[in-house]
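This report refers to the structure that appears directly beneath it.
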Amino acid sequence: MKDEKPTLDHFFAQVYAVVRLVPPGRVTSYGAIAKYIGSARSSRMVGWAMNGSHAVKPKVPAHRVVNRNGLLTGKHHFATEHDMQRLLEKENVIVKDDQVVEFKRLFWDPSTELL
DNA sequence: CGATTGACGTACG
DNA sequence: TCGTACGCCAATC
């Protein structure tokens with residue numbers, strides 16, 4: 001085995017892996033992913049990773065990733081702002097005022113669910 | 001090369 | 001409870 005250097009590439013890879021494992025109708029947060037990986041304070045890097053998610057195959061359901069408030073902060077990075085909300089609603093996720101309804105109930109924590 | 005920004009979150013007062 | 005400060009690290013100006 002090799003030394004497991006916590007490189008950013010590895011960080012990105014784990015982010016993509018976790019997001020891909022998010023089941024439909026569920027959402028997760030940047031901090032939850034970051035924390036699951038081990039860098040709870042690197043939540044910004046998670047967001048930056050999502051920025052390149054569109055260039056990763058298979059595609060990453062970035063629309064299932066929202067901020068800690070359940071707010072669709074990243075909707076502006078999609079094709080259109082309504083795309084993210086529409087994708088969520090398509091998965092039975094209710095979005096009101098750019099905010100995920102029952103976010104607490106739909107929250108999917110890798111450290112809890114995926115464990 | 002230095003300063004600012006960014007799909008966030010936690011800590012502190 | 002709310003507002004401000006800091007950390008994180010890369011990309012951009």
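Basis for what follows: all heavy atoms, side chains included, without hydrogens, waters or symmetry-related copies. Order of the sequence lines sets the chain letters (A, B, ...), proteins ahead of strands, with each chain counted from 1. These numbers come from a predicted model, not from an experiment.
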(request) Among B/dG6, C/dG7, B/dA7, find the nucleotide with the atom closest to the side chain of A/N51. (result) B/dA7
(message) Quick check: closest heavy atoms across A/V56 and A/R20, and the distance to 0.1 Å?
(response) CG1-NH2, 4.0 Å
(request) Could you please name the option among C/dG7, B/dT10, B/dA7 that lies closest to any side-chain atom of A/R68? (result) B/dT10
(request) Could you measure between the two P atoms, the one in B/dC1 and the one in C/dC8, and give it in whole Å? (result) 22 Å
(request) Could you check how far CG of A/N67 sits from P of B/dT10, rounded to whole Å? (result) 11 Å
(request) Round to a whole Å and report the spacing from CG of A/N69 to P of B/dT10. (result) 10 Å
(request) Take atom CE of A/M45 and atom P of C/dA11, then tell me their distance rounded to the nearest Å. (result) 9 Å
(message) For A/E89 versus A/V95, what's the shortest heavy-atom pair and its separation?
(response) OE2-O, 3.8 Å
(request) Whole angstrom is fine here: how far is it from OH in A/Y36 over to P in B/dG9? (result) 18 Å
(message) Expressed as a whole number of angstroms, how long is the span from A/Y30:OH to B/dG9:P?
(response) 8 Å
(message) What's the closest nucleotide to the side chain of A/S53 if the choices are B/dA7, B/dT10, C/dG7?
(response) B/dA7
(message) Less than 4.0 angstrom from a charged side-chain N to a carboxylate O is my criterion; do A/E113 and A/R26 meet it?
(response) no
(message) With rounding to the closest Å, how many angstrom separate the C1' atoms on B/dA7 and C/dT4?
(response) 22 Å
(request) Between B/dG9, B/dA7, C/dC8, spot the one nearest the side chain of A/M50, thanks. (result) B/dA7
(message) Which nucleotide wins on minimum distance to the side chain of A/W48, given the candidates B/dG9, B/dA7, C/dA10?
(response) C/dA10
(message) Expressed as a whole number of angstroms, how long is the span from A/F11:CZ to C/dC9:C1'?
(response) 10 Å
(message) Nearest whole Å is fine: how far is C/dA10 C1' from A/F12 CZ?
(response) 7 Å
(request) Select one nucleotide: of B/dG9, B/dG6, B/dA7, the one nearest the side-chain heavy atoms of A/A62. (result) B/dA7
(message) Within the structure provided, determine whether A/L72 and A/V100 are in side-chain contact (heavy-atom separation under 4.5 Å).
(response) yes
(request) May I ask you to decide if the ring planes of A/F103 and A/F107 are parallel, tilted or perpendicular, using 30° and 60° as cut-offs? (result) tilted
(message) What is the separation between atom CG on A/L71 and atom P on B/dG9, rounded to the nearest whole Å?
(response) 10 Å
(request) Could you please name the option among B/dA7, B/dG9, B/dA11 that lies closest to any side-chain atom of A/R41? (result) B/dA11
